[in-house]
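What follows is a single structure, written as structure tokens, with notes after it.
We name chains A, B, ... by the order of the sequence lines, and we start the count at 1 in each one.
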Protein chains: 2
Amino acid sequence: VRGLSYDPDTPGTVSLRSDLSIPEPISGEARIRVRLAGICRTDIEILRGYVPFRGILGHEFVGVVDAAPENVDLLGTRVVGEINAVCGACCACRAGRAHHCEARTVLGIAGRDGCLAEYLTLPVANLHRVPECVPDEAAVFVEPIAAACRILEQRPFRGDERVLVMGEGKLGLLVAMVLARHAKELVLSGRHAEKLAIAERAGIHTVVSDAPRSTGFDVVVECTGRPGGLTEALSRVRPMGTVVLKSTVAGDTTAPMSAAVVNEVLVLGSRCGPFPPAIEALERGTVDPTPLISDRFVLADAVAAIERAGEPGALKVLVEVSC
Amino acid sequence: VRGLSYDPDTPGTVSLRSDLSIPEPISGEARIRVRLAGICRTDIEILRGYVPFRGILGHEFVGVVDAAPENVDLLGTRVVGEINAVCGACCACRAGRAHHCEARTVLGIAGRDGCLAEYLTLPVANLHRVPECVPDEAAVFVEPIAAACRILEQRPFRGDERVLVMGEGKLGLLVAMVLARHAKELVLSGRHAEKLAIAERAGIHTVVSDAPRSTGFDVVVECTGRPGGLTEALSRVRPMGTVVLKSTVAGDTTAPMSAAVVNEVLVLGSRCGPFPPAIEALERGTVDPTPLISDRFVLADAVAAIERAGEPGALKVLVEVSC
């Protein structure tokens, strides 16, 4: 059985292994045969030492339930899966913050082999059925779309917001697509004309980052992951406005936080989100992520897929596993 | 008329001027004869270039209304004053965020001479009568106590919070005194034993910063103003908890903001606060700030007062103007 493996003892490099065993689901879990997987910026950051992960990479997938000893009715179901496997017993779980479980494993990120492989296991509770009308190419985006939906859980919109999304990468584009319908006005700023064009075709207003800058946004979502991103966000949000940080990047960020104090800005970290609204957005067609697909590889070429995903021009790189 | 003047052309130094004219209140304003003024960390930061202010320093005071052409009933009233003088017409004012008025002047901080002088002017709307039972030595703390009360406006406590206040300076001590009654558990961390002792005598649990560190606080209030303050705060707050930034310091802050993203921490800038609850806390005696007074100077020695306030051992330095 094959999978794309990362070993922090040889940082920056990945290797395709073909000697993996088929994982056996433990109690409460299911085994999924992966059909299609996506590569995320976080995967690239892991190679740069963002977290000390060791094992199979990948956390965006669509697949078919292949074994589920306690839930045989799920066999053959096409699913996507939430990436945090939680204990249900720790303080965070009991306080209703399960996705911050202190004992959690995270698919392809922390203590749990990921989805850039033929098989993975996840708790049955993490799985969500994919409606028939949603093709694999769209379903593989459920995890990052859910991360975009998370913003609306944390900071509900009233509909009168002026919103700036910074960063025309995969996450910025998806965040803009998700938030656009909830905001009075939304602008996506970025550098690459061809990526901004994807947003424009989805009806989203875009500006080139170097253009004269408007300020006073109610909400600024930082998706650039660049060192100066927070500084720019603080300069463009209105007093008492919200800056949402979505990028997880290795290393420290430097910013004039006294501006956040004087303007009483709320800076909100935002990570994984709810799958049901993401699946619903795909089912209804309110979000179409497929124009973000820039490349498709087969699992045998997964090393090249990772390399491609790390290039500046790339958007979503997909890895076909068994579809 | 005398006042302590700062000129950014000679950074780091202040001078006592005695050639000032008595200010004439414009429409809607009153002139106050200053009785007692306090020196704040912000005043020291202004000398370090935090904001490009030019004029009379100082924004903590208690005084007596000396002229109020449109409000003669106020003459002789002992008052404290909110420091933001606002336009009432800009977007921020109309949106109910008046203390972020885009055209505001701020007493002794931005475009308006401050209170380290014999007289000042402020809008009548900014003034609050001081109850007779509250002596000048306590009333002069209303402004910083209000800044502490601001936290409860922005992030109301439910009473079950575990709170860490970082920093045993003036602001940290006042924040701890204000929040202690609203939290289930509150800890003040700091370095100086004699300053922590003031908090202990007020019934507040304190720890020396170098002691083994407990984590998982629901709310961490950063009052150290040190470059590493935010980094430590992020390491001590629970996932989905709140870090309140109260210190305004010159320059940039460096912190691992990816920790804020992964843990979905809310980082909240917090500045000026409501005067009524601060005055009420003094009237009821629930907060007694007077143990924070470390030095008293007369206005003629205001230069020495500023120097003293910048020393590490100092707490609140008061300047007696006409009391």
Quiz item: Are the side chain of B/K316 and the backbone of B/I39 linked by a donor-acceptor contact shorter than 3.5 Å?
Solution: yes

Quiz item: Any sub-3.5 Å donor-acceptor pair from A/D218's side-chain atoms to A/G241's backbone N or O?
Solution: no

Quiz item: Heavy-atom distance under 4.5 Å between the side chains of A/H205 and A/V207, does that happen here?
Solution: yes

Quiz prompt | chain B interface, residue from A/P256, A/S270, A/C272, A/A260 that has the most non-hydrogen pairs under 4.5 Å | solution = A/S270

Quiz prompt | Within 45° cone and under 6.0 Å: A/R162 NZ/CZ vs A/F217 ring | solution = yes

Quiz item: B/R238 side chain to B/M240 main-chain N or O, any donor-acceptor pair under 3.5 Å?
Solution: yes

Exercise. Report yes or no: does B/T105 contribute a side-chain atom to a donor-acceptor pair with the main-chain N or O of B/R112 at less than 3.5 Å?
Key: no

Self-check item: Min side-chain heavy-atom separation A/L152-A/V178 under 4.5 Å
Solution: yes

Exercise. Go through the steps to decide whether B/E161 and B/K184 satisfy the test salt bridge (Lys or Arg N to Asp or Glu O under 4.0 Å), and finish with yes or no.
Key: CA-CA 5 Å; B/E161 283 85 359; B/K184 179 181 172 193; over 6 Å; no

Exercise. List the steps, then state whether side-chain contact (heavy atoms from CB on, under 4.5 Å) holds for A/K170 with A/F141.
Key: CA-CA 10 Å; A/K170 301 179 287 293; A/F141 284 91; 6.0 Å; no

Exercise. Count the heavy-atom pairs under 4.5 Å between each of A/V51, A/L245, A/V243 and chain B, then report the option with the highest count.
Key: A/L245

Quiz item: So which of B/P239, B/S247, B/G216 has the biggest tally of heavy-atom pairs under 4.5 Å with chain A?
Solution: B/P239

Quiz prompt | Under 3.5 Å donor-acceptor, A/T224 side chain and A/G229 backbone | solution = no

Quiz prompt | Residues from residues 153-160 of chain B approaching chain A under 4.5 Å (heavy atoms) | solution = B/Q154

Self-check item: SB check A/R213 A/E232 (cutoff 4.0 Å)
Solution: yes

Quiz prompt | Partner chain A: residue of B/N263, B/L266, B/V261, B/T231 with the largest heavy-atom pair count (under 4.5 Å) | solution = B/V261

Self-check item: Test: A/E264 and B/R271 ion pair at under 4.0 Å
Solution: no

Quiz item: If contact means a heavy atom pair closer than 4.5 Å, which residues of residues 83-104 of chain B contact chain A?
Solution: B/R97, B/H99, B/H100, B/R104

Self-check item: Residue A/V262 versus chain B: region with a heavy atom under 4.5 Å
Solution: both

Practice problem: Please flag which part of A/T242 lies under 4.5 Å from any non-hydrogen atom of chain B: side chain, backbone, both or neither. | Solution: neither

